[in-house]
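Remarks on the structure that follows.
Residue numbering restarts at 1 for every chain, and letters A, B, ... go by the order of the sequence lines. Bear in mind that the values here come from a model prediction, so they are computed numbers and not experimental data.
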Number of protein chains: 2
Amino acid sequence: MFLVRVAKDPEIRRKEILNAAIELFEEKGYDATAVSDIVKKVGVAQGTFYYHFKSKEDVLDAFLDDIIEEIRVKLTAICDMEIDSIGKVLYYFRVFNTAGIGRERMMVYLHEERNALLHLKLEKKIYPKVLPPFQKIIQQGISEGVFDTEYPYEAAVAIFGASNAISEGKHDHAITEVTEDRRLLTTTDVMERILGAEKGIFIKYYRDKMEEKR
Amino acid sequence: MFLVRVAKDPEIRRKEILNAAIELFEEKGYDATAVSDIVKKVGVAQGTFYYHFKSKEDVLDAFLDDIIEEIRVKLTAICDMEIDSIGKVLYYFRVFNTAGIGRERMMVYLHEERNALLHLKLEKKIYPKVLPPFQKIIQQGISEGVFDTEYPYEAAVAIFGASNAISEGKHDHAITEVTEDRRLLTTTDVMERILGAEKGIFIKYYRDKMEEKR
DNA sequence: TATTACTGACTGACAGTCAGTCAGTTTAGG
DNA sequence: CCTAAACTGACTGACTGTCAGTCAGTAATA
């Protein structure tokens, strides 16, 4: 038994392998996906994998870079919009709620122990991409007079940390049952406080301008 | 070559294995520590390991349970103290800054990729232990009239998320250089805002009552 | 013909298994 | 009360299966 050997443009092959890997990562998790599974799915030899990727972790990095680049592009677009800072903050968060596989599934997925490495790497890689533009939005808000903080960078860091913790709590350790509505309410409340914004300004803006666009 | 076989009280043996494992985890990281390394260090056979532990992950869980129990005991003590909520909050955070190997080393350790599983598991396990008592402190503060929030639980979650994010070295790419002093300043600022406390109240209390005790 | 893409058998390291060993303890017969 | 047989459970270490990663060689292509 033998198969015809096909040589493809390396970029094409690389994509093939990467896509197969991503599908398997989403299906079985990173740990449980063997390199032999990936090459079987693509229909190439094990060596081909290592011709295109340095290691199994290297594919993971490529996967994460894809996700992060997708998000970065969207965020840059938001920063360049000609709207006020409140709107930008809300758009900014909408990107996270819809990015990648979709926040809900993504969140559960990231918290599975078989994806621990993926989780850690994503966190490490995404913050430097996301925080500087967010800081700019906050500074815009300060100029506009709607935000008031001495530490715009740390405010950005704190908001991401806090909102992440609030929405993660849903999956793990919530005492009170957390509805989607309460999550929105508490997250915007915390954001307003950290940014020194008028109480209720985000929720008001959200109800007026964001919801109608759904 | 042969060694005398020694049978010990299972609890003793278990501790021996656990301690050796912990030392190796701290030295080489979780991933890089092989079960064969652990048993070599204790001087027992591989099978003995699996007589006392279900799996390699099982030792990790035992290790984490140890750390968490140590912290839980300290936190409970703080909650039972007869002092005001501001003091309790500050003591609460001091426990985290000195717990385990020491915050600084622990933080670096946890962010190494070879410890990704350890990191994720610790996060998952520690929050349910830490948040409910912290919520109680916040409620005490509300009764005392120094805090003002409608969402004490989410405030607790947000504070942990935010302060973690600020100190976790997500500020690797910070524009301003982050000193220990700035970290304290920004963290207390964020806490005050989330809790609706008077501006500067934590820092003032810290400088007055906490620093003298060092 | 040279270079590039690819092959798949191979290696070494690892987590976990298992049939069997042996020191100590309990039981039963004298 | 002694002792030998039966039993228990901690322990052994060679073994298995799986996996990431390697490499000497082969086919396709420029």
For A/Phe160 and A/Phe93, run ring pair (Phe, Tyr, Trp, His ring centres under 6.0 Å): C-alpha distance rounded to whole Å, both residues' side-chain angles, the deciding distance at 0.1 Å, then the answer.
CA-CA 10 Å; A/Phe160 273 96; A/Phe93 274 84; 5.5 Å; yes
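- Interatomic distance, B/Ser55 OG to B/Phe49 CZ, rounded to the nearest 0.5 Å: 7.0 Å.
- Distance CG (A/Asp37) to P (D/dC19): 7 Å, rounded to an integer number of Å.
- We find that A/Lys15 and A/Glu11 are not joined by a salt bridge, their nearest charged nitrogen and carboxylate oxygen being 4.0 Å or further apart.
- Going from atom CD of B/Gln46 over to atom P of C/dT21 covers 20 Å, rounded to whole Å.
- Nearest approach of B/Glu27 to B/Lys41, heavy atoms of both residues: OE1-NZ, 4.4 Å.
- The side chain of A/Ala45 lies closest to C/dG8, out of C/dT17, C/dA5, C/dG8.
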### Query
How far apart are the C-alpha atoms of A/Val39 and A/Thr48, what are their side-chain angles, what is the distance that settles it, and do they pass the side-chain contact (heavy atoms from CB on, under 4.5 Å) test?
CA-CA 8 Å; A/Val39 298; A/Thr48 307; 5.9 Å; no
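- Taking B/Pro152 as the reference, B/Gln135, B/Ile138, B/Gln139, B/Ile142 meet the side chain to side chain contact (heavy atoms under 4.5 Å, CB included) condition, with sequence neighbours excluded.
- For the pair A/Lys54 NZ and D/dT22 P, the interatomic distance rounds to 10 Å; values are reported in whole Å.
- Closest to the side chain of B/Ser55, from the set C/dC14, C/dA5, C/dG16, is C/dG16.
- A straight line from NE2 of B/His52 to C1' of D/dT12 spans 12 Å, rounded to a whole angstrom.
- Rounded to a whole Å, the CG atom of A/Asp31 is 14 Å from the C1' atom of D/dT18.
- Remark: B/Glu113 engages A/Glu57, A/Leu117, A/Leu120, A/Lys121, A/Lys124 in a side chain to side chain contact (heavy atoms under 4.5 Å, CB included) (not counting sequence neighbours).
- Regarding contacts with the backbone of C/dG16, a side-chain N or O of B/Tyr50 is found under 4.0 angstrom from either OP1 or OP2.
- Contact annotation: A/Thr48 side-chain N/O to C/dT7 OP1/OP2 distance is under 4.0 Å.
- Within the 4.0 Å cut-off from OP1 or OP2 of C/dC6, not a single side-chain nitrogen or oxygen of A/Tyr51 is found.
- Put simply, A/Arg13 has a side-chain N or O that comes within less than 4.0 Å of OP1 or OP2 on C/dC6.
- Whole-Å rounding puts the A/Phe53 CZ to D/dC19 P distance at 20 Å.
- What separates CZ of B/Phe49 from C1' of C/dC18 is a distance of 17 Å, to the nearest Å.
- Here D/dT12 is the nucleotide among C/dC6, C/dT17, D/dT12 with the atom lying nearest to any side-chain atom of B/Val44.
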Tabulated below should be each protein N or O lying under 3.5 Å from an N or O of nucleotides 26-30 of chain D; please produce it.
| from | atom 1 | to | atom 2 | distance (Å) |
| --- | --- | --- | --- | --- |
| D/dT26 | O2 | A/Arg5 | NH1 | 3.1 |
| D/dT26 | O2 | A/Arg5 | NH2 | 3.0 |
| D/dA27 | O4' | A/Arg5 | NE | 3.4 |

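- Separating the OH atom of B/Tyr30 from the P atom of C/dC14 is a distance of 14 Å, rounded to the nearest angstrom.
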